[in-house]
4 protein chains.
Amino acid sequence: MHFASDNSGPVPTQVLESLARANDGYAMAYGTDPLTEAVEQKLRNLFEAPEAAVYLTATGTSANVIALGTLVQPYQAVFCSPVAHIQEDECNAPEFYTGGAKLVLVPGTDRMTSDALRATIENEGNRGVHGPERGAVSITNVTERGNVYTLAELRALTGIAKEYGLPVHLDGARFANACVALNCTPAEMSWKAGVDVAVFGGTKNGLMGVEAVIFFDPDMARSFAHRRKRGGHLFSKTRFLAAQMDAYLADNLWRDLATRANAACARLAQGLRQSNRVVIENDPTANMIYASLPRAWHQRATAAGARYHLSGGTLYNGDPDTLLTARFVTDWSMTDAQIDAFLDVALP
Amino acid sequence: MHFASDNSGPVPTQVLESLARANDGYAMAYGTDPLTEAVEQKLRNLFEAPEAAVYLTATGTSANVIALGTLVQPYQAVFCSPVAHIQEDECNAPEFYTGGAKLVLVPGTDRMTSDALRATIENEGNRGVHGPERGAVSITNVTERGNVYTLAELRALTGIAKEYGLPVHLDGARFANACVALNCTPAEMSWKAGVDVAVFGGTKNGLMGVEAVIFFDPDMARSFAHRRKRGGHLFSKTRFLAAQMDAYLADNLWRDLATRANAACARLAQGLRQSNRVVIENDPTANMIYASLPRAWHQRATAAGARYHLSGGTLYNGDPDTLLTARFVTDWSMTDAQIDAFLDVALP
Amino acid sequence: MHFASDNSGPVPTQVLESLARANDGYAMAYGTDPLTEAVEQKLRNLFEAPEAAVYLTATGTSANVIALGTLVQPYQAVFCSPVAHIQEDECNAPEFYTGGAKLVLVPGTDRMTSDALRATIENEGNRGVHGPERGAVSITNVTERGNVYTLAELRALTGIAKEYGLPVHLDGARFANACVALNCTPAEMSWKAGVDVAVFGGTKNGLMGVEAVIFFDPDMARSFAHRRKRGGHLFSKTRFLAAQMDAYLADNLWRDLATRANAACARLAQGLRQSNRVVIENDPTANMIYASLPRAWHQRATAAGARYHLSGGTLYNGDPDTLLTARFVTDWSMTDAQIDAFLDVALP
Amino acid sequence: MHFASDNSGPVPTQVLESLARANDGYAMAYGTDPLTEAVEQKLRNLFEAPEAAVYLTATGTSANVIALGTLVQPYQAVFCSPVAHIQEDECNAPEFYTGGAKLVLVPGTDRMTSDALRATIENEGNRGVHGPERGAVSITNVTERGNVYTLAELRALTGIAKEYGLPVHLDGARFANACVALNCTPAEMSWKAGVDVAVFGGTKNGLMGVEAVIFFDPDMARSFAHRRKRGGHLFSKTRFLAAQMDAYLADNLWRDLATRANAACARLAQGLRQSNRVVIENDPTANMIYASLPRAWHQRATAAGARYHLSGGTLYNGDPDTLLTARFVTDWSMTDAQIDAFLDVALP
């Protein structure tokens, strides 16, 4: 009954097997080994982007911020949602890697609307040197509140960015979950939808720690390699990052894992909907649910060993009927039995 | 015959087994899991430092520069050797993580002498606000040229730093090889020798990618956790870093691996010394040799598949008798047969 | 009829005379001259703060951001109004000088309320290393919308900062205008109200370009001198900054100039209120008015040579009756005749 | 007898008069006033560079480092002399404004030789992502040791930079003194000699505090305006910087002032050469002398009120015959009588 995060789950055995296979004698360091080069090519193939510049990093934050540092100047602005991971959960890493660029927040509670994005861009970057220049737009799909932008919504946002000549970064920590929810290809959710740089996340979807950063225009990536090294994110034994990604790509494991995680979420949502005391705040088509339940129900579930995060409030005082919002995240390894066990204890 | 670097070698099976053991169901993310906490305690025990603040990172550069960023201010200076890894091989990462501190180089070709360090410190930080303040001293053991500071030499350097009130950082990418060469304990080579912050390297000694940063005064570490996160170096699935370090510490595997690497180096040195055409430039008590051989010998060895780096010059033109200096690094996995095979082809 | 900004006005002759007096032979550079030291002492006296650390800089942005860089760490947050000069008009200088700290905006349209400040602080800095630490609170008086915090309001805000152990920075670009509006002393509006670091602005109140940064706790100022130099803001011929400030302090010229500017603003407000078509949006007790007038009136005034900034909209199309908001700023040199001339052309 | 620095001298009355003239009513702020635009055009004319992008700043450090920040990336290297002002006397400002670029020092004691520059560039930027990329070359004329590069020497250095595709920055804090020493035009000493960005210093040659930064290729200057603002170096009342530069350019005052300073230096050198106990270490064709005199002579001169800096050593102990090296700098205002008075007391 562990819904705290999809980065709390185990890794599939295929990943361990791939690491063992890669652990064969000597290999040149720093990404010049054959396996790394082969995996980069497989990613180009997956994204139908033969010219793309592809880089591996070990954490989602590093993937996002090295990409942003490559796209924007220190005196520019990055437009994003107020709840974007780069704004809320990366401890000023975007400011650090961009040399001090400003994250300008598009008013809203999760997904950016086209109107809000346009108005925010209009309002910024029009004060000469007094305010920051417009730099880039950053979009997250699956969003931090568990919603999924449709391809049409993505195209609308990237279209606005293009009007202003701004590159678009896609935070794809849950790229696979969104692809499955949209039943689309990686290309359709990235460059075909106007994305310039996509992070193809692996860590939250079953890898130990690997993300791929894909620049569809290699010219835009010119400084990435130096910025990755300068950030301390170039691994000497890159083959062990590549090995994880290699297993992830084989037989579409990435899609299979996300399909399982999303299915677990759907089962959880269906179960929660049995109670009219439960309000599900997002459209749980991916692998994350924000739902409000009575405090007493949370207490019961927690006492029984369920793990997940509450948004504000605390379990241990006040009215047992107060509705508290919790975040439930499902991962590839979650079984129906685990979900049903939670529903049994949580719901009366 | 692969002497290019000790980060080109494989990992011992104990590491893969430890990863498999750690891959058991759910674990809280970001270092709050029991395995990570247990490994941090084991490191405190190994270093005989019950109060130490211990952190894991995945790369040597990140370990060094997050530590330096914690120790020095942007308007200060870090004193180090002109060939230090932080100066030569980290692509301005120290400047990045310190917010622009200056590396002030202590004249010399490898090891810092006490006199040179003192003179350099004296010459810097005496110009009021016009020059940088004195910030910290950084020492590398094993050095980048394969030499090993004795404990007395370390104490002399840290003693000078203390005179000026400067904290001492130890780049320990090859900490284990130095410990074995000196036949001393980790405590003797770190805090007992006046080191304030030590990097206990694992990657170059057989791990996939894990280093431990150990602050012997936890107050000095106050900002490390935020700086690690801000640098994108906090892993969500920290258990898989901890698992590698756990295997490394079990039954003193770290010391066993370094002992093997150093022994391989000694065998290689002994073999090279059979020829009076070979000049070994360092004292190869650890796992690295800088030696000059005739160009023709390099050509023969390279043609036979030997891999290692030459310092300047090239193999493919000029006088076959010209002496070219090469760097040979041995790792834990190198067999006597591999070394002998190299000697057979390289030496006439 | 020039209401564009109080930094568009001339300087009083006393300032030129003081520069001429200071231009006497040789003086040691970089602030070690007697005049600079004398002026620093006069500022300590003015602020009734014999222990204060006092620094001169030439621009308001440099005064604010060097101060903030001294107060906060790169992984921390600065709490301020969404319309604060540091957020809107300094082109990411605060992010630059703090090494990438984040400005966290307190919801509102100008003045921060105690409740909003407390809620914003509460909401930030409670996510462990995932979000920034709480760093400092920055307040502007006179605000960017022409309002003046009362001493009680200041004390309430600084009291909340103190609860969280956060230092308070006061952007005093219009410090003198606020002092006059509140009829209080510099001490009452700064350290007696809980401010830790105050910028005592001179440039917008008649100097060519000098601001004083005053740390009431000198320990808090430890790195300011190095940060000022590193920012390129230490003048070699500091005597010419000191000379301006010396004239500013003599016979309370600073207060006299602000009194004139505020009086001009009051006269302008009184005049505008003659028309019921005019809506004044702030309480114009200092030297700035935000007022909405019909588009046609702006066109008439502009055609007659009046100069001021409109917030959005444009003069040259659409309905002549549309109300457009303009910012009118008065300075020490403005005459009643100039104000009346404007009123004559602007109002029917 | 004040030889401490040319930034210790007074300003010519023409500068005060120009400030008074500029102090006439209202002027738009931030460099959009007519005087600033006129002065920028006069600088283009002086440099015979109609397309040049011209910017004013108030300090030499800001002029240098905003220019460098515009030229190089954070992961690059700036090649300069070990005694360059940017290395020795700007407290890490270059690292700050470039976001952490590394100053790579060209071995030598003052002037860079072509061979040393080429060897240093060759040795750097050839390690892939492990070392910094080559970024720019920075040259100082007059050098920090009082020497003057000939036009041929400048062309040789810039020619090497061009071979590697590197832009060239000229620190011209004493640009005028070098121009006079070389009897050349500003164009000949800058773009005609291969310089891409020149700082035309005013502060050390008689202004209160103004430098002009001139980009001969305006495309190269694209980010300068934003970087200047972000550094806090855009003055609101720019007219008062422009007024100083306007006086400096009128009737070639800049050249007249430098001619006087250089002549004073020549007189001082001639006087010092009367004694065979004096060793002059540089070729004093500009306005700075490094000369060694017996300690006792320094004591006598200092006791008589002479002011200048000694390189190392102290006046007050040891052998009176020890030769101590002193730096003597002459400025435009120095009279023959002052120089002769010094010679009378210093020399027996």
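All values below were derived from every heavy atom in this structure, side-chain atoms included, with hydrogens, water molecules and symmetry-related copies excluded. If you're wondering where the values come from, they're calculated on a predicted model, not measured in any experiment. Order of the sequence lines sets the chain letters (A, B, ...), proteins ahead of strands, with each chain counted from 1.
Applying the salt bridge (Lys or Arg N to Asp or Glu O under 4.0 Å) rule to pairs touching residues 60-82 of chain D yields nothing, sequence neighbours excluded.
For the options A:P74, A:G128, A:P132, heavy-atom pairs under 4.5 Å to chain D are most numerous at A:P74.
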All inter-chain donor-acceptor pairs under 3.5 Å (chain D, chain A):
| from | atom 1 | to | atom 2 | distance (Å) |
| --- | --- | --- | --- | --- |
| D:Q73 | OE1 | A:R227 | NH2 | 3.2 |
| D:Y75 | OH | A:R222 | NH2 | 3.4 |
| D:G99 | O | A:R230 | NH2 | 3.0 |
| D:H130 | ND1 | A:K229 | NZ | 3.4 |
| D:R222 | NH2 | A:Y75 | OH | 3.3 |
| D:R227 | NH2 | A:Q73 | OE1 | 3.2 |
| D:K229 | NZ | A:H130 | ND1 | 3.4 |
| D:R230 | NH2 | A:G99 | O | 3.0 |

